[in-house]
Structure formats: C-alpha cells, structure tokens
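A short write-up of the structure that comes next.
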Amino acid sequence: MSLRLYNTLTLQVQPFAPDRDNTVRMYTCGPTVYDYAHIGNFRTFVFYDILRRWLQASGFGLNHVMNITDVDDKIIRNATAQGKSISDYSAIYTKAYFEDSALLRLQKPEHVTPATEHIPEMAAAIRKLGELGYTYEGEGSTYFRISKFPEYGKLSHINFSGNRAGARVDVDEYEKDDARDFVLWKAAKENEPYWDTVVGRGRPGWHIECSVMAIEYLGDTLDLHAGGVDLIFPHHENEIAQSESLTHHPFARFWVHSEFLLVDGQKMSKSLGNFHTLRDILDKGFSPESVRYLLASVPYRKALNFTFDGLKSAATAIDRMRNFALRLATEPFDEGQDAALDERAVQATAAFRESMDDDLNTAEALAATFEYVRDVNIAMDRGAFRTGNRERAQEVLNLFDSVFDVLSTGADSNSLADDKIDALIEERKQAKKSRNFSRADEIRALLADAGVILEDTKDGVRWKRK
RNA sequence: GGCGCGGUAGCCAAGUGGUAAGGCCAAGGUCUGCAAAACCUUUAUUCGUCGGUUCGAUUCCGACCCGCGCCUCCA
C-alpha cells in the first residue's frame, strides 16, 4: 500500500499522490511572529515535518511553502508598546522561531514567505476580486462577500443556512454587511503601519496572505494544505472562498489538520500557568530531541496531552534506541550472516512503512521499530547476530531516524575530545587490571562530569555522550 | 444551542467482529569488581456505563455519563 491521508474536505482517508510530475505542492500555515512559539504551535510544526519527511520517503519531490505572518493586530500592539517598528519587532521572533525549529530538527520548507514581502500581490488579488464582484468596501476597508460564494462551508462542513442574522457584528473592529464576511484589506488607522496600494492605504487581513502566496509559488491548485484544526474555520474556509473565487479552480486537493495539544489535560493558557515555550522546557533540562519525540509519537489526528512525565518517558525511549544503535555500531559480532535476522529486518521495514502510510500512524511505526530492536537485542545476546546482518539492521534504524530524527545527540562535543576520552579509558583499563577500582571509578565519574558515559561490556569498554 | 473528537493497564498509547501492539514506570531475576546496557518473569479475563444486533463486540447500533475542541483571534 502507499500513502493514505485523512482529508478534511471529504472526511475520509484517501490515497495521496501529487497531481503531476511527482512533486507535492504543499502549503502550511506558519507562525505569527508576535512572541516565542509555544509547545502547542510546535506540535503542529513537528507534524508538518513528519509529513514532509514521509512524503520524501514515499519518493515524492517537495515544493513546500510556509508563510510567516509578520503583520497582525498583536504584532502591531506589542511593537507599539515597545516603541519598535513592526519589522524590527517581528524580526526578533522570526529569528527565534527558526532557532527553535533547528533545535527540533524541522526541515526548512522550500519557500518561507513573510506576508509583508507580498503586500502588492495581495492588493492586486483583492482588486481582482473586486472586479469579479466578490467584494465591497466600507470606511476604506474591503470585505469579501460570502453570499457570492455558495460553497462556503464545504471544508468545515458547517451549514450556514438560517444563520444569516443580518446583524452587523463587530469582529475585526470594522463594520460588515454579514457576520460571515471577512476583511480582505483593513483601512489605515491612526498610528498604525500601512501600505499604499491599488486598494488604498492600509494593511492586509489575515486570510489573504495564504491564498496569494500559495498561488504565487505553487499555482492555482495545491496538492496539500495543512494547518492546525483550529484553522479549519474560519481561516481555511476563507482561503478557499478567496482563492477559488480568484482562480475558479479547486484551491487544494487535500486538507490535513493536526489536533490540539493539551497540557495536563487542559487547554494551554497563560492564566492556568501551563503555558510552555520550547525555551522554557529546555531550561528545565529536557533535550530538544525528547520534545520532538513526544510531539511526533502521538498520531497527528489525536489530541496530545503534554506532561513533563511524558517528556521523561520520551527521553528514556530515545536512550533505548540510541543504546541499540551504539551496540550495533560497536559490538564485534561473529563473521557470517543469519538469513532469518535479515528477513526480520525486511519485515520491520515493511511494518514501519505500512504504519506511516496509514495516515502517518507514528505510534504504530514506533512499535514496529521497538519490537525489532528487542528481537535483535535478543539475537545479539545469544550470539546469533553476525557482521553480515549489520547492514540491514542499520537500514531499519536509518528509516526510523529519517522520520523521527532523534538518534544523533545535540552534539556539544566541545567538552572533551575523543582522543582524551580514549586515553582516560585506557588508563582506567590499566587501573582495573591492577584492581585499583577506586581510580577506575574516579575516571568514570570524571568522564561522567564531562557528559561521557562508559559501559563495560564483555568485548571491552564503549562510551557515549549524554 | 449547533458541529465535531475522544474515553483501552500507574502514565502515554496502537488496534481489530474472533478473544488486548509498543514505550515509560514498578517488583523480582540473569549478567556484573562496581555501574551501565541487554534479556527474562510479573503487571488490563479486560477496553467509560447500560442495553441491542451477532455463534461471538473492546471493535457495529442506541441511550446515558465524563472530558475536550470549534462555532470570536488562535497551531
């Protein structure tokens, strides 16, 4: 079987493949850079990364666009409060976002597109929508008239009949004809940043940036559009309305959405005191790999309950996997090749692939990997594992790590050079030989302080960095 | 009120109309100068509750209870 994904548009799991030339045209809703991204944001961003990696593992090329929302009410408010320009302000958090992303080993999309670098294109699109009769103006702002788009609600599966109200609902602090209508262009207000464009002086509404940048970089129809479930309505519904009114083509073939992250069973909020940024978590001594593993281990369509116990558990699980990788790399196995063990590796690979193909079932893929690790550990213990089995075993690990990417350590190998470590291990070996165990333990402790852990095995000493 | 999701061992969590993956934690054991690592054994006769369909349901249907999300900015 090949990759199947749950499509919010159809409410079904469907076979996924790009529409043409084997390249997936995908768009994901990126961060709004008004503050440090929190762990909930990263749940979704890690999901994008897992999706990217599995699309690549499935043999597809990738053309992935992610926006950076660098102009919005919160950015303006915070920048103003600090006496900064919005670009100076948002630059701080854009930079922080990419630092955090690198720590979490998130692959960078082929195109990262800041909204403020595409204002003229947005204005042009809004003007075109106006020419096509989809918009109206009020007090210098431009709105999208939902009543002109009969399919509105097809993504969120909301039936809007009888829900018209006609009341003027003040949502974006501007007046609208219909509660569902949304703002495409906001008229400049006192003391707010603005752009002079073909649709007047002001700034873009939120939704238009995604439509315009997606179409500019990827064409009228995307293969895949992703985001968090909270964006289904109204954001993605609005994107569809704008885009399809503009191009008269389906905007995206697949819509995939990641579920929410809860903290200690509750929605994360600053008032509950359960609001965590990645930085906060790392400051408590957890590794970025642990965070990545935890966020990736729960399938994306299930709500993920984040706890620090869960993080500890993730760290231990990673250790188990790393210990296995170390053993595979360093233990001197007997010559030969065990056919059954190679077969076991092939089977593990197939199980892993089948799980990931099944709507990215990471929990099951993990189980397939751990079962394999246990079986091979057993084989190693009883001497059945041979040098000739290394290659296939390594392939299993490589496949696992091509998705989860947690095996390599954070690499602060500046602490102690390898040859220094080897020298100390040699000294300890001599100490042990002369039964000077206190010196041997001293060396172990010394290395431990430097983040190096020694393991005595029947085949000699091996070491790893913590 | 409308729409949707979920309730599986101490915790996280997969899964199926045929009798419960995996990870973490805990206890005991093998190995070991010590410490690790690894392995073994033990830990849900049971899958929110109550009914129904069925030879058989955790898996299908209904009702109920509980938790959560969206409907307004939000990953």
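Sequence lines set the chain letters: A, B, ... in the order given, protein chains first and strands last, and positions in each chain run from 1. Here the structure is a predicted model, which is why all the values come from computation and not from measurement.
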Under 4.0 Å, counting only non-hydrogen atoms across every strand here, what does A:Leu261 touch: a base, just sugar-phosphate, or nothing? base
Separation of B:C12 atom C1' from A:Phe308 atom CZ, nearest Å, is 16 Å
Result for 5'-nearest mapping on RNA chain B, choosing between A:Ala440 and A:His157, is A:His157
- Task: Verify the distance criterion only: is there a donor paired with an acceptor across the side chains of A:Asp181 and A:Tyr136 at less than 3.5 Å?
- Result: yes
Base B:G69 paired with A:Asp230 side chain (donor-acceptor, <3.5 Å)
no
* Distance test, side-chain N/O of A:Lys302 to OP1/OP2 of B:A14, below 4.0 Å -> yes
(request) Verify whether one side chain among A:Ser211 and A:Gln242 offers a donor that lies under 3.5 Å from an acceptor in the other. (result) yes
Nearest-nucleotide check on RNA chain B, A:Phe324 vs A:Phe437; residue mapping nearer the 5' end is A:Phe437
Taken to the nearest whole Å, CZ/A:Arg327 to P/B:A36 is 17 Å
Exactly one candidate in A:His257, A:His207, A:His225 meets ring-ring contact (aromatic ring centres under 6.0 Å, His included) with A:His235; the answer is A:His207
- Item | Test side-chain contact (heavy atoms from CB on, under 4.5 Å) applied to A:Glu395 and A:Thr349, step by step | CA-CA 8 Å; A:Glu395 282 170 14; A:Thr349 298; 5.6 Å; no
Of the candidates B:C70, B:A14, B:C39, the side chain of A:Ala363 sits closest to B:A14
Taken to the nearest whole Å, CD/A:Glu237 to C1'/B:U72 is 16 Å
Q.
Give me the distance, rounded to whole Å, that separates B:U8 from B:G67 when you measure between the P atoms they each carry.
A. 14 Å
Would you indicate, yes or no, if B:C70 has its OP1 or OP2 atom less than 4.0 angstrom from a side-chain nitrogen or oxygen of A:Lys267? yes
Out of B:G7, B:G23, B:C70, minimum distance to the side chain of A:Arg320 belongs to B:G23
The Watson-Crick or G-U wobble partner of B:C11, with both key distances under 3.5 Å, is B:G23
- What nucleic acid atoms does A:His38 come within less than 4.0 Å of, heavy atoms only: base, sugar-phosphate, or nothing? base
Write down the distance separating the P atoms in B:A20 and B:C25, rounded off to the nearest Å.
26 Å
Scanning all shown strands, the Watson-Crick or wobble mate of B:U32 with both distances under 3.5 Å is none
Q) What nucleic acid atoms does A:Arg322 come within less than 4.0 Å of, heavy atoms only: base, sugar-phosphate, or nothing? A) nothing
In Watson-Crick or G-U wobble terms, with both distances under 3.5 Å, the base opposite B:U53 is none
Considering only heavy side-chain atoms of A:Glu455, the closest of B:A36, B:C39, B:G69 is B:A36
With the side chain defined as heavy atoms from C-beta on, A:Phe370 is closest, among B:G22, B:G33, B:C73, to B:G22
| hbond_proxy A:Asn305 side chain to B:C12 base (donor-acceptor, 3.5 Å cutoff) | no
The nucleotide from B:A38, B:C73, B:A13 with an atom nearest the side chain of A:Pro299 is B:A13
| query | Which part of the nucleic acid, if any, lies within contact of A:Ser258, taking any heavy atom under 4.0 Å across all strands shown: a base, the sugar-phosphate backbone alone, or nothing? | reply | nothing
Can a side chain N or O of A:Thr32 be found less than 4.0 Å away from OP1 or OP2 on B:A75? yes
Checking N1-N3 plus N6-O4 or O6-N4 for Watson-Crick, or N1-O2 and O6-N3 for wobble, each under 3.5 Å, the partner of B:C47 is none
A:Lys154 atom NZ, neighbour heavy-atom count above 12 within 6.0 Å: yes
Regarding the side chain of A:Phe260, the nearest nucleotide among B:A75, B:C39, B:C24 is B:A75
Between CD of A:Glu364 and C1' of B:G15 the distance, given in whole Å, is 7 Å
Of the listed B:A13, B:G23, B:G33, the closest approach to the A:Asp441 side chain comes from B:G33
| said: For A:Tyr6, does the six-membered ring have the charged nitrogen or CZ of A:Arg301 within the cation-pi criterion, i.e. under 6.0 angstrom from the centroid and within 45° of the normal? | reply: yes
Pairing partner of B:C68, by Watson-Crick or G-U wobble and under 3.5 Å for both distances, is B:G4
When rounded to whole Å, the CG to P distance for the pair A:Leu360 and B:A13 reads 18 Å
- Task: Can you check whether any acceptor in the base of B:A35 is under 3.5 Å from a donor in the side chain of A:Arg444, or vice versa?
- Result: yes
- Message: Say we look at B:C47 and B:G18: how far apart would their C1' atoms be, to the nearest angstrom?
- Response: 15 Å
Please measure how far the P atom in B:A9 lies from the corresponding atom in B:A14, and state the result in whole Å. 13 Å
note: A:Arg301, atom CZ; B:G6, atom C1'; distance rounded to Å ~ 12 Å
Side-chain contact check for A:Arg428: nearest option of B:C12, B:C34, B:A37 is B:C34
Among B:A37, B:A21, B:C12, the one nearest any side-chain atom of A:Asn323 is B:A37
Here the distance between atom P of B:U72 and atom CD1 of A:Ile232, to the nearest Å, is 14 Å
Original post:
Which part of the nucleic acid does A:Gly227 contact within heavy-atom distance under 4.0 Å: base, sugar-phosphate only, or nothing?
Top reply: sugar-phosphate
**Message:** I'd like to check A:Val263 versus A:Thr307 (side-chain heavy atoms, cut-off strictly below 4.5 Å). Are they in contact?
**Reply:** no
Review point. Under 4.0 Å between a side-chain N or O of A:Arg374 and OP1 or OP2 of B:G22?
Key: yes
For A:Phe437, does the six-membered ring have the charged nitrogen or CZ of A:Lys432 within the cation-pi criterion, i.e. under 6.0 angstrom from the centroid and within 45° of the normal? no
> Are A:Asn361 and B:G15 close enough that a side-chain N or O sits under 4.0 Å from OP1 or OP2?
Replying inline: yes
pair_partner(B:U58), Watson-Crick or wobble, both distances < 3.5 Å, evaluates to none
When you compare the side chains of A:Asn7 and A:Gln14, does any donor N or O come within less than 3.5 Å of an acceptor on the partner? yes
Of B:C70, B:C73, B:A13, the nucleotide closest to the side chain of A:Lys74 is B:C73
Subject >> Distance between C1' atoms of B:C73 and B:C61 (Å, rounded) >> reply: 40 Å
From CZ of A:Arg435 across to P of B:G33 the rounded distance in Å is 8 Å
